[in-house]
Chemist: 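Can you keep this structure in mind? I'll have questions shortly.
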Amino acid sequence: MSILALNNIYKNYGKDNNEVKALRSIDFQVEKGELIAIMGPSGCGKSTLLNILGCIDSPSKGEYFIDGNLIDFRKINSLSEIRNMKISFIFQNFALIKELTVLENVMLPLKFRSMKYKDKLNAAKKYLAELDILELEKKYVDELSGGQQQRVAIARALTQETEIILADEPTGALDEENNIKIMKILRELNEKHGKTIIIVTHNSFVAGYCKRILHMKDGEWVKD
Ligand SMILES: Nc1ncnc2c1ncn2[C@@H]1O[C@H](COP(=O)(O)OP(=O)(O)OP(=O)(O)O)[C@@H](O)[C@H]1O
Ligand SMILES: [Mg+2]
């Protein structure tokens with residue numbers, strides 16, 4: 001059984017003359033432990049697809065199964081449970097909270113977990129250290145460079161330690177050295193810890209770390 005499965009997914013934005021068909025008839029099966037790259041031109045629907053996979057947005061039509069269970073996009077509570085416990089998401093625009101420090105941002109997803117505070121703190125610090133930003137822990141997001149913010153967003157997602165990681169352009173703001181670092185971490189999470197990872201990227205170097213590369217155009221898969 002696939003860990004994630006999309007059946008005939010459509011997503012439309014707007015109405016009438018303003019309607020955008022962002023996804024058309026997308027089928028997608030992901031097996032546990034896959035490391036997948038999704039590539040394609042700007043506006044082709046990559047973020048839309050990833051947002052649906054991450055239960056951040058709902059499809060206009062079609063079915064989505066996680067572990068064989070049909071997702072009901074009307075059940076707000078179960079969607080947030082999935083986003084917290086099952087799937088972590090690295091946002092294209094980072095989605096960090098300005099009023100919180102780096103450490104507070106990274107610990108936020110653990111807030112409602114029944115873990116000891118000390119274990120939450122250790123988990124957050126572990127990933128901040130791995131991403132070389134532990135010394136920024138007390139800073140506010142506004143005080144960071146784009147690349148530093150991106151690493152905070154990645155640390156926050158990894159701290160959730162979920163089975164599935166979805167990453168939307170996770171290295172878009174990073175230099176080559178950090179690109180390599182992030183891809184090594186994601187690859188290790190995939191190979192040693194069996195995490196299922198899907199990465200949207202424009203960067204063929206990043207895609208080169210992945211085991212399956214898919215291409216999208218105009219809201220559809222490009223057949224190879
Ligand atoms: N909230 C929205 N309202 C209306 N249209 C939207 C919305 N979000 C996305 N779109 C449109 O849907 C299409 C797909 O957008 P999407 O963000 O998925 O593209 P993308 O492949 O991620 O592009 P990029 O590489 O630039 O991030 C685009 O035409 C975009 O303008
Ligand atoms: Mg996008």
Side-chain angles (χ1 to χ4, degrees), residues 4-30 34-64 66 71 73-74 76 79-80 82-83 87-97 141 145-158 162 164-176 178-179 182-183 186 196-210 212-224:
L4 306 176
L6 297 177
N7 281 348
N8 204 16
I9 292 283
Y10 288 76
K11 178 70 183 182
N12 304 331
Y13 292 110
K15 273 195 176 146
D16 304 325
N17 289 341
N18 291 322
E19 193 177 61
V20 176
K21 295 188 162 94
L23 297 176
R24 331 162 186 232
S25 188
I26 290 280
D27 292 321
F28 189 28
Q29 274 89 40
V30 179
E34 280 205 277
L35 175 54
I36 301 175
I38 299 177
M39 303 187 78
S42 182
C44 74
K46 305 179 299 297
S47 293
T48 304
L49 176 67
L50 213 63
N51 288 344
I52 291 171
L53 288 169
C55 296
I56 292 162
D57 203 355
S58 58
S60 305
K61 204 180 117 187
E63 292 171 326
Y64 179 26
I66 301 178
I71 301 303
F73 283 91
R74 293 162 305 181
I76 307 292
L79 296 180
S80 38
I82 291 167
R83 287 195 300 261
I87 301 179
S88 53
F89 203 100
I90 301 168
F91 290 89
Q92 187 166 18
N93 59 6
F94 316 144
L96 298 168
I97 297 174
V141 174
S145 73
Q148 290 169 335
Q149 291 183 26
Q150 184 144 45
R151 281 180 285 158
V152 175
I154 295 169
R156 180 182 57 188
L158 299 184
T162 55
I164 302 163
I165 300 166
L166 305 179
D168 198 350
E169 291 279 359
T171 64
L174 300 181
D175 56 27
E176 198 180 320
N178 278 300
N179 252 313
I182 300 303
M183 290 317 296
L186 290 175
T196 305
I197 304 177
I198 305 174
I199 303 171
V200 163
T201 184
H202 284 285
N203 186 328
S204 44
F205 170 81
V206 167
Y209 275 84
C210 299
R212 173 150 74 119
I213 303 177
L214 299 167
H215 295 269
M216 280 185 87
K217 200 180 168 218
D218 296 336
E220 293 178 299
W221 294 124
V222 177
K223 304 258 185 310
D224 48 22

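Since the model is a prediction, treat every value here as computed from it, not as a measurement. Order of appearance sets the numbers: ligands from 1, and atoms from 1 within every ligand.
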Chemist: Ignoring hydrogens and geometry, is there a side-chain-to-backbone donor-acceptor pair from Lys11 to Leu49 under 3.5 Å?
Modeler: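 A pair under 3.5 Å: no.
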
Chemist: Which heavy atom of the protein is the closest neighbour of atom 23 (O) of ligand 1, given with residue, atom name and distance?
Modeler: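 Ranking protein heavy atoms by distance from atom 23 (O) of ligand 1, first comes Gly43 N, 2.8 Å.
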
Chemist: With a cutoff of 4.0 Å, is Cys44 in contact with ligand 1, counting heavy atoms of the residue only?
Modeler: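 Under 4.0 Å: yes for Cys44.
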
Chemist: So which heavy atom on Asp175 is nearest to which on Asn178, and how close?
Modeler: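 Nearest pair, atom of Asp175 first, then Asn178: OD1-N, 2.9 Å.
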
Chemist: To the nearest 0.1 Å, how far is atom 4 (C) of ligand 1 from its closest protein heavy atom, and which atom is that?
Modeler: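 Nearest protein contact, heavy atoms only, for atom 4 (C) of ligand 1 is Tyr13 CB, 3.3 Å.
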
Chemist: At a threshold of 2.8 Å, where the distance has to be below it, does the Mg ion (ligand 2) have an N, O or S atom of Ser42 nearby?
Modeler: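 Checking Ser42: none of its N, O or S atoms is under 2.8 Å.
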
Chemist: Tell me whether Glu63 contacts the main-chain N or O of Leu6 through its side chain, where contact means a donor paired with an acceptor under 3.5 Å.
Modeler: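 No.
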
Chemist: Nearest heavy atom to atom 27 (O) of ligand 1: which of Gln92, Glu169, His202 does it belong to?
Modeler: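 When every heavy atom of Gln92, Glu169, His202 is considered, Gln92 comes closest to atom 27 (O) of ligand 1.
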
Chemist: Please state which protein non-hydrogen atom is closest to atom 25 (O) of ligand 1 and give its distance, to 0.1 Å?
Modeler: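 Answer, as residue, atom name and distance: Lys46 NZ, 2.7 Å.
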
Chemist: Assess Gln92: does it contribute an N, O or S atom lying under 2.8 Å from the Mg ion (ligand 2)?
Modeler: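 Yes - counting backbone and side chain alike, Gln92 has an N, O or S atom under 2.8 Å.
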
Chemist: Below 4.0 angstrom from a heavy atom of Thr48, which ligand 1 atoms are there? Numbered from 1 as shown, please.
Modeler: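 Listed by number with element, the hits are 14 (C), 15 (O), 16 (P), 18 (O).
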
Chemist: Pair Val30, Ile198 - check side-chain contact (heavy atoms from CB on, under 4.5 Å), show working.
Modeler: CA-CA 9 Å; Val30 179; Ile198 305 174; 3.9 Å; yes

Chemist: With distance as the sole test, does Arg83 use its side chain to make a donor-acceptor pair with the main-chain N or O of Phe89 at under 3.5 Å?
Modeler: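 Answer holds: no.
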
Chemist: Write out the residue and atom name of the closest protein heavy atom to atom 17 (O) of ligand 1, then the distance separating them to 0.1 Å.
Modeler: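 Scanning the protein heavy atoms, the shortest distance from atom 17 (O) of ligand 1 goes to Ser47 CB, 3.7 Å.
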
Chemist: Hey, which atoms in ligand 1 end up nearer than 4.0 Å to a heavy atom of Gly45?
Modeler: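 Going through ligand 1 atom by atom, the ones under 4.0 Å from Gly45 are 14 (C), 18 (O), 19 (O), 20 (P), 21 (O).
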
Chemist: How far is atom 30 (C) of ligand 1 from its nearest protein heavy atom, and which residue and atom name does that atom have?
Modeler: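 Going atom by atom, the protein heavy atom closest to atom 30 (C) of ligand 1 ends up being Val20 CG1, 4.7 Å.
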
Chemist: Which residue and atom name correspond to the protein heavy atom nearest atom 26 (O) of ligand 1, and how close is it?
Modeler: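 Checking every protein heavy atom, the shortest distance to atom 26 (O) of ligand 1 gives Ser42 OG, 2.5 Å.
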
Chemist: Under a 3.5 Å distance rule, please check whether Thr196 uses its side chain to pair with a backbone N or O of Ile164 as donor and acceptor.
Modeler: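 Checking the backbone N and O of Ile164 against the side chain of Thr196, no donor-acceptor pair under 3.5 Å is found.
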
Chemist: Working to the nearest 0.5 angstrom, can you tell me the gap between Gln148 CD and Leu174 CG?
Modeler: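 If we round to the nearest 0.5 Å, Gln148:CD and Leu174:CG are 10.5 Å apart.
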
Chemist: What's the separation between atom OH in Tyr209 and atom OG in Ser204, rounded to the nearest 0.5 Å?
Modeler: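 Output value for this atom pair is 12.5 Å.
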
